[in-house]
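The structure appears right after this line, and notes come after that.
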Amino acid sequence: MSKAVSYELLHECKQTGARRGIIHTPHGDIQTPIFMPVGTQATVKSLTPEELKEDVKAQIILSNTYHLYLRPGNKLIKQAGGLHNFMRWTGPILTDSGGFQVFSLGDLRTIQEEGVEFKSHLDGSRHFFSPESVMEIENDLGADIIMAFDECCPYPSTYEYTKNSMERTTRWALRCKDAHKNTEKQALFGIIQGGFYKDLRKKSAEDLIKLDLPGYAIGGISVGEPKEEFLDILKYTTPLMPKDKPRYLMGVGTPDYLIEAAIAGIDMCDCVLPTRIARNGTAMTWNGKVVVRNAIYEKDFSPLDEECDCYTCKNYTRAYIRHLIKANEILGVRLLSLHNLRFLTSLMERVKIEIERDNLLNFRNEFYIKYGYEK
RNA sequence: GUGGAUGUGGUGUAGUUGGUUAACACGUCAGUUUGUGGCACUGAAGAUCGUGGGUUCGAGUCCCAUCUUCCACC
């Protein structure tokens, strides 16, 4: 049993089984289910920690082993007193292991049992990640929750490839557990793989659960597959996960997926989507996606979202934000990023309330209609 | 007035010795974005080449006239 992180279940929605709970971490409690903003390079792009805490109301943020290892280097961050101190974020932090980045960014990569050789996207230099080296980096960074080094299979992948990959990820997880040196303050989460094959998902979950890690994640979905397949694997895999530990669905960030994840029994999600689409001029609102960059908003002097309580919506118009985005002004990116993140955190706050009311299914159906999704 | 230069999509420019559907950048318009990507990616619209006439099988690309703008000179 890890002392770093523990999960407390408060309520299960009678309509859906969704979980309302608290994750206790060394840097504070997290009310779940939760959406975690992504701060890849030790910063949630364009926002200060104060804005994240007070305006976005983020409870935990995610950062990245791969990027921080390459620049500025994990030893430098350790020297700075750890990631919390370095970036001045006092709340909980989760670091991804770099497994996903090595596969999506690295030009040249060679996967072996020992680990992965890859080339830096910054300068092309060669590097090697193993479960042991990744644990050392994540220990240096000092996040409250650290992810095991895994392989994320592309979609689609063959059964054989997925099986071999999943089994290796399980062996790597054991090596991560053995190499993790700071269990008092950092909780190591395992990542369930197995692609879109249910028997592999089951096997992955069973073997990883035997390691008795303090939390578990679902990896390898939301990688470009149709929504039906995503939901199928999500709803199959989540019940296989321990009930007394946090459940993390990696890489999910559209409103419908977040709601479906909560319904399936997921506690945590993260995604670059809200900040990325913000940089390209798009907002999420309670009435659907608003591409505020589009010409129809040129003279629209209403806020992005009438229902939103964020700083952006309380003070600025669509016309102004469109102007900023068109003019490539930094403030446009900031205002949209702040809004999109606040939209998702407020969406999850609403989900928490609906779970407590045992009304999440009704809420989902109403939300889908209003947002413009098809059920 | 004389001499020279200039005139190509919204803007700035390419367009070999004349040869099929006039190129590029920016801009505009739209789409994309799910454990990476801050100014991204994909696509679309848009000029008949100042105007008129001529040579030629065929002209943005040669000739004439005319207009525009600029420079020099008187």
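Throughout, a chain's letter reflects where its sequence line sits, starting with A, and its residues are numbered from 1.
- Between Y373(A) and Y368(A), the two ring planes are tilted [angle within 30° to 60°].
- For rG31(B), one of the phosphate oxygens OP1 or OP2 lies less than 4.0 angstrom from a side-chain nitrogen or oxygen of N294(A).
- Checking I330(A) against Q193(A), the closest nucleotide of RNA chain B that is more toward the 5' end is the one next to Q193(A).
- Out of rG38(B), rA30(B), rU36(B), the shortest distance to the side chain of D96(A) is found at rU36(B).
- Residues K326(A) and R293(A) share a closest heavy-atom pair of CD-O, 4.0 Å.
- In this structure, D270(A) reaches the sugar-phosphate backbone alone: every heavy-atom distance under 4.0 Å involves primed, P, OP1 or OP2 atoms, never a base.
- Looking at heavy-atom distances under 4.0 Å, I277(A) makes contact with a base.
- Side-chain proximity of Y257(A) to the nucleotides rG38(B), rU34(B), rU36(B) is greatest for rU34(B).
- With rC29(B), rG35(B), rG38(B) as the candidates, the nucleotide lying closest to the side chain of F100(A) is rG35(B).
- Using bins of under 30°, 30° to 60° and over 60° for the plane-to-plane angle, the ring pair Y66(A)/F118(A) lands in the tilted bin.
- Counting only residues at least two apart or on different chains, the salt bridge (Lys or Arg N to Asp or Glu O under 4.0 Å) pairs with a member in residues 50-63 of chain A are E50(A)-R88(A), E51(A)-R334(A).
- Residues T254(A) and D256(A) have side chains that bring a donor and an acceptor to within less than 3.5 angstrom of each other.
- Counting only Watson-Crick or G-U wobble pairs whose defining distances are both under 3.5 Å, the stems of 3 or more consecutive pairs in RNA chain B are B:1-5 with B:69-73, B:10-13 with B:23-26, B:28-32 with B:40-44, B:50-54 with B:62-66.
- Under 3.5 Å, the side chain of T282(A) and the base of rU32(B) form no donor-acceptor pair of N or O atoms.
- Across all strands, C152(A) comes closer than 4.0 Å to base atoms (heavy-atom distances).
- Residue contacts for T40(A): at a heavy-atom cut-off of 4.0 Å it reaches the sugar-phosphate backbone alone, with no base atom in range.
- In this pair, F367(A) and F363(A) present their aromatic rings tilted. The plane angle is within the 30 to 60° band.
- Across all strands, L249(A) comes closer than 4.0 Å to no nucleic acid atom at all (heavy-atom distances).
- In the model, Q15(A) has no side-chain atom that pairs as donor or acceptor with a side-chain atom of D358(A) under 3.5 Å.
- Side-chain N/O atoms of R276(A) include one lying less than 4.0 angstrom from OP1 or OP2 on rG37(B).
- When heavy atoms are screened at a 4.0 angstrom cut-off, R322(A) is found touching the sugar-phosphate backbone but no base atom.
- Within 3.5 Å, no donor on the side chain of R109(A) pairs with an acceptor on the base of rU36(B), nor the reverse.
- Within the nucleic acid shown, G224(A) has no heavy atom closer than 4.0 Å to any nucleic acid atom.
- The K45(A) side chain lies nearest to rG37(B) when the options are rG37(B), rG35(B), rG31(B).
- Counting non-hydrogen atoms under 4.0 angstrom, V333(A) reaches nothing in the nucleic acid.
- The phosphate of rU28(B) has OP1 or OP2 within less than 4.0 Å of a side-chain N or O from K326(A).
- The distance between the ring centers of F230(A) and Y257(A) falls below 6.0 angstrom.
- Summary of the strand contacts: V252(A) and V272(A) both lie near RNA chain B, and taking for each the nucleotide with the nearest heavy atom, the more 5' one is attributed to V252(A).
- Residue contacts for D150(A): at a heavy-atom cut-off of 4.0 Å it reaches a base atom on one of the strands shown.
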